[in-house]
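See below for the structure under consideration.
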Amino acid sequence: MIKFNCVVEHITFQSPETGYSVLRVSVQGHTDFITVVGNLADAVVGAVLMIEGNWINHPKYGTQFSAVKWQETTPATAYGIEKYLGSGLIKGVGKAYAKRIVQKFGTDTIRVIEEDPQRLAEVEGIGEKRIQKIAESWKRQKEIKNIMIFLQSYDISVSYAVKIYKQYSDESITLVKKNPYRLADDIRGIGFKTADAIAARLGFDKHHPERCRSGIIYILHQLADEGHVYAEKEQLLDKCMKLLEIDQNALETALQRMITIYDAIEEQGAIYLPFYYRAECGIAKKLRELSEADSLLNQNIQVDIPALERKLNMQYDPIQAEGIQQAVSSKIMILTGGPGTGKTTTTLGIIESLRMMGNAILLAAPTGRAAKHMAEATGMEAQTIHRLLEYNPEKGFQRNASNPLEGDVLIIDESSMIDITLMYSLIKAIPLHMKLILVGDIDQLPSVDAGNVLRDLIDCGQFPVIRLTKIFRQAQSSHIITNAHKINKGIFPNLQNPPGTDFFFIECEEPEQAAQQIVGLVKTRLPNYCHVKPEEIQVLTPMQKGVIGATNLNQLLQQNLNSGGISLNHSGRCYRLNDKVMQIRNNYEKDVFNGDIGTIAAIDTENREIIIRFENRHIHYDITELDELVHAYAITIHKSQGSEYPIVILPIMMTHFIMLQRNLIYTGITRAKKMLVLIGTKKAVAYAVKHVTVTHRNSRLKERLLAKS
C-alpha cells in the first residue's frame, strides 16, 4: 500500500450513516489537489492526515486515492498549523486568530498551546478568557484524538469519539477495553453492532456473557422501536440467535441470568425490559384506582345543552351532547373522531360545562405544536405533557405520585401519540380525585415509541368512549376532510381537482420527475398561487430513503431554497443560516422534543455553534449536538404526528409500497390545514387505501385493564 501525509482542504461529501467521505487534500510534491475516498468520518478541513491505501480509477470521476487506513497527525508546517487551527475545531480560534497566532509563533505554535498557553496573550486581541477556552478545547480535542486513534486501530468508525469522551473522560480507552458493550448501554447513538465490532477486534469470545446480554437488550430495544412493549420468548431467542450466531443454550443461560438479577422480566412467556413492565402494570393499576375512586362531582348532574349552546353560540348533535354529558359524569372518558367531526367544539363544550361547575381544568398534549394548537382552539393555557409534569433533566419528572398535579380535570389532546412510558409518567402524577379526558383520532398512526395506549384503552371496554363520525357542514366543503374520511372507510378519494378544491392531485410516474415537481411546487408554484412563503409549505413523505424520501428531498430543497450564506458542516450535513431543521430526539435539558421544527437563526463558525429558533425560543447547539438535528424541508409522515401545516405536499408512489397503508396516508392528509397537494400515482393511492392491516404490537395493557386485580 502507498502511504503519505496530506492536509484536508475541502470536504466534498461525508455520510453520517457510514462515514464514507470524499476529500480534496493537498500533498507535498503535487501541484493539484488529490481526491481521497474512504471511511474518513469526522475528518475536518485543516486536519493533517497520514493515509494508507491505493490509487483507483473511477469510471466517472477519474483518478482517486482509496484510503484503507488513516490517522490524524499534528501538522508540522506553519501553513498546516494555521489551516488546522482555523478549521473551527478549537473553540475560540477562527481563521483570523489562527493567522495571528501562527504569525507570532510559527511552527512552535502547538508547543505553546500545549505547554505554555499563557503566551497566547502576546497575540493581539487574545485575552485571559479566550486563552482558557483555547487551552481547554485543545486538551479535549487531544483526548478525543487519542480515542479516535484507538478506535481506528480496530477499524471502527470514529464518529462517536466525542460522545465517548464526554461520557468517560480520561478513562475512555481503559473502560472500552474492559467492556466495550457498555458503550451500547451508556452512549446514545452507539448501538450493539458498533460495540460488538469493537469487542470482536479486542478478542471477546462470541459466547461471552456480556455479548449475550447486550444482544438480548439490543433486540428488545429494536422490538420496542417497532412498537412492541415486550417480546415473546421464542421470538426473542430466534432473533438473538440470528444476530449473535450462537446456540440457544448460551442465550437461555444469559437470559435466565438477566431475569435473576432483574435486567429483564419474564411473565407467561413474555420478556420485558423492566421499565416497560413497570409502565404497563403501573398504568393498569392506576387507571383502575382512578375509575374506582369516589369522584368529587355528582354523577347525576345533567348538562343543560340548550343553555350551553346559547352561551357558546354553537349547535351540538346528539353524539356531541352525549360526549359532553359523559365527560361531566365520568371519571375517565375517551373522545375520538376524525377531522371535521367536531372534536374541538365538543371539547369546548366539555370545558365550559366543567368550568361552570367550578372545576379547575388542566390542558396538555404530547408535543409543543399540538399544545399550541390546543391553546389557540380553547383560549386557555395548554402545555406539553413534559412541561405539565415539570420535567427536570437531572431529577426527572417533578410531578409524580408524591407531588401530584393540582386541579380537578385533566384533558389530553392528540392522545394517540402517547406511548407506554410517557403515559406511565403522566398517570402517576394524577391524584385520585382528578377526572381524566383523553381526546384523539384512533385512526391515525399509533405512537412512534412502544405501546398502543389509546387503542388498548378503547378496546378494553372499561371506559366510556364517544366516537364522532358525522362530518359537519362547514367541513364538507373541504376536499381534504372528505377525502380523508373516504380513505378511512376504504373508498378511493376524489382526485379530479374540481374547481375551488383544497386537495390537488398531480399524476407522476417517475420518482425523479416527482422530486423535481416537488422542488418547483415549494420554490415558486405554490408561493405564487397561494401567496405564501416557502417555509409555510411542508413536504411529508412515507420514508426516509429513496429518491422521494426525506433525505434526498431535503438535499434538493436546500440546494434550491437556501444554497448560500454562512454554514457549518458536520457528519456530511451542511447546516446553513435560515435552514429549516427538526429535532429528532427528546432533549430535556434544552426543553426541545422529537419532531419540533425550527429555523437556524445564527451560526458561530468560530465556536462551532448554531442557534435554532423554535417558536419564540432560541436554543444553542454545540457542534457535537448537531446529530440531534436533521433538515426539515421534508419530513416523514411519522414525524408529523400532532402537527398541522398550512400547505402539505405528499408524494405517494409505489417505490414506498412497503410503507403504504391506510392509516399512514390518512395521517399525512389530515396534517394539511388549508391545502394538500398529493403527487404520485393512482395505483399507489389505491394500494394504500386497500392496505388496512393494523400492525400488531405486543402489549398486554388491555388484558391488565380487564383483569380484576
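What you see is a predicted model, and the numbers here were worked out from it, not measured in a lab.
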Any salt bridge linking K193 with D196? Criterion: basic side-chain nitrogen under 4.0 Å from a carboxylate oxygen. no
Show your reasoning for whether side-chain contact (heavy atoms from CB on, under 4.5 Å) applies to L561 and V522. CA-CA 9 Å; L561 298 173; V522 176; 3.7 Å; yes
Report the distance from atom CG of L23 to atom CZ of F65, rounding to the nearest 0.5 Å. 12.0 Å
Beyond-backbone contact of I619 with I611, side-chain heavy atoms, under 4.5 angstrom: no
May I have the step-by-step check of ring pair (Phe, Tyr, Trp, His ring centres under 6.0 Å) for H631 and Y575, ending in yes or no? CA-CA 8 Å; H631 290 97; Y575 297 89; 5.3 Å; yes
Does K590 qualify as a cation-pi partner of F614, given the criterion of NZ or CZ under 6.0 Å from the six-membered ring centre and within 45 degrees of its axis? no
Can a donor-acceptor pair be found, under 3.5 Å and without considering hydrogens, that links the side chain of N392 to the backbone of K395? yes
R119: salt bridge (charged side-chain N to carboxylate O under 4.0 Å, His left out) partners, not counting sequence neighbours: E122
Donor-acceptor contact present, side-chain Q555 to main-chain N552, <3.5 Å: no
Could you tell me the separation between the NZ atom of K580 and the CG atom of L557, rounded to the nearest 0.5 Å? 9.0 Å
Interatomic spacing from OG1 in T109 to NZ in K104 - rounded to 0.5 Å: 11.0 Å
List the steps and the verdict of side chain to side chain donor-acceptor pair (under 3.5 Å) for R671 and Q641. CA-CA 8 Å; R671 300 309 90 204; Q641 286 177 263; over 6 Å; no
Do F397 and H386 pass the ring pair (Phe, Tyr, Trp, His ring centres under 6.0 Å) test, and can you show the C-alpha distance, the side-chain angles, and the key distance before you say yes or no? CA-CA 8 Å; F397 292 106; H386 283 86; 5.4 Å; yes
Qualifying residues under salt bridge (charged side-chain N to carboxylate O under 4.0 Å, His left out), relative to E124, sequence neighbours excluded: none
